[in-house]
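Quick note: residue numbers are just sequence positions, from 1.
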Amino acid sequence: MTAKKAGGKKHPGSRALLHLFVVLGAGLLLIHAVFANPLGLLREKTYDLHQSLAPIPLDFEQVVVVAIDEASLDEYGRWPWPRDRIAELVDAILASGAAAVGIDIFLAEPDSSQEGADGDAKLASTLTGARTVLAMSLDAEAGALDVPQKAGWSVVGLDPDAPGTVTGGLAPLDALARAADGLGIVRALPDADGVIRKVPLVWAERPAAGEVRLWPAFSMDILRVAQAAGSYTLRLEGLPGDAIRVGGVTVPLGEDGRIRLIDTAAAVPHLPANELLGAGASAQLGGRIAILAVDAAGLDQYHLTARGVHRLGADVHAMLVSQMLSGRYLHELRNARLVERGLFAGGSLVLLIVLTAFARQPSFALALSTPVIFAPIAIAAWLYAERETLLDGVQPAVGLLMMGVAGGYALYREAERRRRLLQRQFGQFLSPEVVRHLAETDAAAALQVDDREITAMLVDVRGFTALTATLGADQTVALVNHFFEIANREIFARSGTIDKYMGDAVLAFWNAPLPAPDHIDRAIDCARAILTAVEAANPQLEAKGLPAIRTVAVLETGVCSVGNMGTEQRIDYTAIGPSINMTSRLEHEAKRLGRPILIGPAAAAKAKVPVREVAVVQLRGFGKACPVYEIAAESAS
């Protein structure tokens with residue numbers, strides 16, 4: 001059979017969905033690009049979630065914090081301690097065989113205890129040549145630093161006029177600073193939400209215009225002193241290969257020169273200072289880096305980290321040292337923003353294909369769309385778990401969810417529009433099941449004008465003109481409606497299509513718009529059912545004062561043109577062809593021959609029910625005489 005309508009035309013719903021995806025997708029990509037900084041904090045929250053759900057383990061075998069805790073303060077007196085006691089504590093740490101000692105205590109003011117200068121002198125003597133590092137800080141509001149650098153720098157790519165440089169800072173007492181082997185910056189730079197996520201390993205001081213002095217982070221200089229290294233090698237050009245090297249350790253840096261803190265769930269080992277002072281030494285410190293700090297409420301600053309934990313500053317330094325010693329770094333995927341947008345764009349394309357291909361199967365479309373939407377999250381989780389690499393999969397997933405919801409809603413609106421249109425156009429001529437099926441499938445293809453084989457059935461009331469001659473208009477309408485109600489019910493029950501009402505007759509056909517391989521048998525069964533139902537309902541008519549009616553049905557099978565036909569002002573779903581014409585001619589012959597059901601030769605040849613020839617008739621408009629048939633008596637019973 002040949003379609004009368006050219007194929008390959010997109011459905012209007014597909015075009016609307018494509019337009020929606022292009023507009024909404026472009027808008028979301030633009031928002032992602034323009035608001036990159038505001039969205040950055042949301043991205044960091046996603047990275048925090050990774051570390052909260054699957055924290056990365058760190059090995060603290062080479063680091064320990066010597067804590068001046070509440071118990072130590074209770075035993076040896078309130079803070080601040082005299083410098084000779086701090087010197088005693090440092091001596092005990094060194095006597096324990098520590099690889100290096102980082103003193104995370106600001107010693108910028110002279111000793112305020114009774115010992116005064118003697119205490120400072122004793123501490124300076126202890127620090128001299130003893131693998132120790134003191135804490136200092138850079139601060140633009142403080143005065144210029146007047147302490148010597150402890151390590152040399154070999155630098156590639158640092159701009160002397162970089163805006164990130166600081167003009168001053170807070171340093172230890174000059175005697176202490178000169179005695180120590182190292183000086184490191186302990187300043188923290190929290191994000192806008194107060195969370196410490198990344199720590200600078202290199203700081204720049206600008207003591208004068210065009211001059212820059214570099215200072216290592218506290219954790220970095222502890223690592224240098226522990227390795228007895230004399231200098232740093234730094235590459236800082238804002239490139240993926242940026243890194244800092246000290247001794248045998250190379251630390252990759254982010255584009256901003258910072259290292260991301262791995263917020264492990266493992267506890268940083270602590271050794272209470274009072275235990276060390278009492279024993280004079282501890283095997284727990286042998287060969288390890290020791291960080292001395294005050295761990296008491298109100299006396300030191302605690303920092304909020306990615307997993308939502310408030311950590312002692314010394315614990316943060318210990319975590320950084322452990323990361324660098326073990327070579328474990330948590331870094332963001334290169335070109336992460338472009339990858340995020342690529343995941344969104346690719347996922348949107350797949351969603352468009354899925355929603356278009358399965359627009360009439362919402363459950364299947366939902367099942368296929370769900371993994372597409374959550375794919376960026378799964379990819380990001382895999383990168384974190386397997387590569388310790390960060391990628392924000394949530395923002396692309398949220399964008400895809402918005403695209404999926406918008407696309408699903410658009411398809412729902414289109415389906416509702418089609419359903420209402422089909423209901424208006426076909427509700428009176430097709431069964432509700434057929435209308436529903438058309439709404440759920442490709443109705444545009446099903447309703448196009450095609451040449452296909454159909455079985456047409458015409459059912460008419462015998463002697464209708466004579467019956468209604470004595471009836472008023474109301475009774476005539478009641479009689480016709482009674483007949484149409486029976487005919488409609490039986491036709492719809494067999495998924496037939498009502499072509500039109502013609503006075504007191506109904507023309508219907510099968511095998512369009514939806515295929516029905518047994519269309520001939522459905523039509524014959526429907527004709528018999530209508531005649532039987534009309535006969536059974538006659539007592540109801542007579543009870544209302546209306547005359548009983550008798551009906552005649554004729555059927556024929558053949559290839560017809562079926563589909564939407566008409567003008568812009570009026571369009572109907574109808575059939576045109578020889579079998580339609582033959583049914584109208586057979587109606588007269590059925591009445592003339594007195595047969596309740598008359599079947600044309602093509603339908604009779606393919607019918608499953610037994611039939612018998614009634615006569616050979618010459619039909620007007622048909623060249624040759626043709627036999628006509630009725631249902632055999634045994635089958636009719």
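Judged purely by atom type and a 3.5 angstrom limit, Ser96 has no side-chain atom pairing as donor or acceptor with the backbone of Ala98. Although no hydrogens or angles enter the test, the distance criterion places no donor-acceptor pair under 3.5 Å between the side chain of Asp191 and the main chain of Asp193. With hydrogens and angles disregarded, no donor-acceptor distance shorter than 3.5 Å links the side chain of Thr250 to the backbone of Val246. Between the side chain of Asp104 and the main chain of Ala293, no donor-acceptor pair closer than 3.5 Å is present. A donor-acceptor distance shorter than 3.5 angstrom exists from the side chain of Arg328 to the backbone of Pro57, with no hydrogens or angles considered. In this structure, the side chain of Gln227 engages the main chain of Leu223 through a donor-acceptor pair within 3.5 Å.
At most 12 non-hydrogen atoms from other residues, nucleotides or ligands lie less than 6.0 angstrom from CZ of Arg413.
Taking CG from Leu28 and CE from Met403, the interatomic distance works out to 6.5 Å, rounded to the nearest 0.5 Å. Taken from CG in Leu261 to NE2 in His317, the straight-line distance is 11.0 Å, to the nearest 0.5 Å. Note that the CG atom of Asp146 and the CG atom of Asp174 stand 6.5 Å from one another [nearest 0.5 Å]. To the nearest 0.5 Å, the span separating CG on Leu292 from OG1 on Thr132 amounts to 11.0 Å. Here the straight-line distance linking atom CG of Leu330 with atom CD1 of Ile259 works out to 9.5 Å at 0.5 Å rounding. The structure places CD of Glu205 at 8.5 Å from CD1 of Ile185, a figure rounded to the nearest 0.5 Å.
Remark: Glu340 engages His32, Arg43, Arg337 in a side-chain hydrogen bond (donor to acceptor under 3.5 Å, both in side chains) (not counting sequence neighbours). With sequence neighbours excluded, the residues satisfying salt bridge (Lys or Arg N to Asp or Glu O under 4.0 Å) with Lys198 are Asp256. For Asp59, the side-chain contact (heavy atoms from CB on, under 4.5 Å) test picks out Glu61, with sequence neighbours left out. Annotation: side-chain contact (heavy atoms from CB on, under 4.5 Å) contacts of Val202 (sequence neighbours excluded): Trp153, Leu214, Leu234, Ile244. With sequence neighbours left out, the side-chain hydrogen bond (donor to acceptor under 3.5 Å, both in side chains) criterion links Ser72 to Asp69, Asn274.
Counting only heavy atoms from C-beta outward, the side chains of Leu325 and Ile289 approach each other to under 4.5 Å. Residues Leu107 and Leu123 have side chains in contact (heavy-atom distance under 4.5 Å, counting atoms from C-beta outward). For the pair Leu368/Val350, no side-chain contact is recorded, criterion being any heavy-atom separation below 4.5 Å from C-beta on. Under the 4.5 Å side-chain criterion, counting only non-hydrogen atoms from C-beta, Arg224 is in contact with Lys150. Annotation: side chain of Leu176 is in contact with side chain of Leu127 (closest heavy-atom distance under 4.5 Å). Looking at heavy atoms from C-beta onward, Pro269 lies in side-chain contact with Arg288 at the 4.5 angstrom threshold. Inter-residue side-chain proximity for Leu352 and Leu18 is flagged as met; some heavy-atom pair is nearer than 4.5 Å. Between Ser282 and Leu271, some side-chain heavy-atom pair lies under the 4.5 Å cut-off.
Under the 30°/60° scheme for interplanar angles, the aromatic rings of Trp79 and Trp81 are found to be tilted.
If you check the side chains of Thr233 and Arg245, you find no donor sitting under 3.5 Å from an acceptor. In the model, Asp48 has no side-chain atom that pairs as donor or acceptor with a side-chain atom of Gln51 under 3.5 Å. Side-chain contact annotation: Gln149 with Trp215, donor-acceptor N/O pair under 3.5 Å absent. In this structure, a donor-acceptor pair under 3.5 Å is absent between the side chains of His303 and Asp315.
Considering all non-hydrogen atoms of both residues, Asp221 and Tyr232 come closest at OD1-OH, 2.5 Å. Shown here for Ala100 and Ile222, the closest heavy-atom pair between the two residues is CB-O, 4.1 Å. Between Val195 and Ala306, the shortest heavy-atom contact is CG1-N, 3.8 Å. When all heavy atoms of Gly247 and Ala229 are compared, the pair lying nearest together is N-CB, 3.8 Å. Nearest heavy-atom pair, Ser369 versus Val354, reported as atom, atom and distance to 0.1 Å: OG-CG1, 3.7 Å. Considering every non-hydrogen atom in both Met136 and Pro172, the closest pair reads CB-CD, 4.0 Å.
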Exercise. How far apart are the C-alpha atoms of Phe106 and Val186, what are their side-chain angles, what is the distance that settles it, and do they pass the side-chain contact (heavy atoms from CB on, under 4.5 Å) test?
Worked result: CA-CA 10 Å; Phe106 274 117; Val186 294; 3.7 Å; yes
For this session: Go through the steps for Thr389 and Glu332 under the test side-chain contact (heavy atoms from CB on, under 4.5 Å), then give the verdict.
Result: CA-CA 6 Å; Thr389 301; Glu332 194 171 48; over 6 Å; no
For this session: Please step through side-chain contact (heavy atoms from CB on, under 4.5 Å) for the pair Leu333 and Arg387, ending with a clear verdict.
Result: CA-CA 10 Å; Leu333 185 69; Arg387 303 288 181 86; over 6 Å; no
Exercise. When you look at Leu320 and Gln323, which way does the side-chain contact (heavy atoms from CB on, under 4.5 Å) test go after all the steps?
Worked result: CA-CA 5 Å; Leu320 290 171; Gln323 282 185 235; 4.1 Å; yes
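Under a 4.0 Å N-O distance rule, the pair Arg131/Asp181 does not qualify as a salt bridge. One finds a salt bridge joining Glu44 and Arg260 here, because a Lys/Arg side-chain nitrogen approaches an Asp/Glu carboxylate oxygen to under 4.0 Å. A salt bridge is defined here as a Lys NZ or Arg NE, NH1 or NH2 lying under 4.0 Å from an Asp or Glu carboxylate O, and Asp139 with Arg187 fails to meet this definition.
The ring-ring contact (aromatic ring centres under 6.0 Å, His included) pairs that include a residue from residues 325-349 number zero, where partners must be two or more places apart or lie in different chains.
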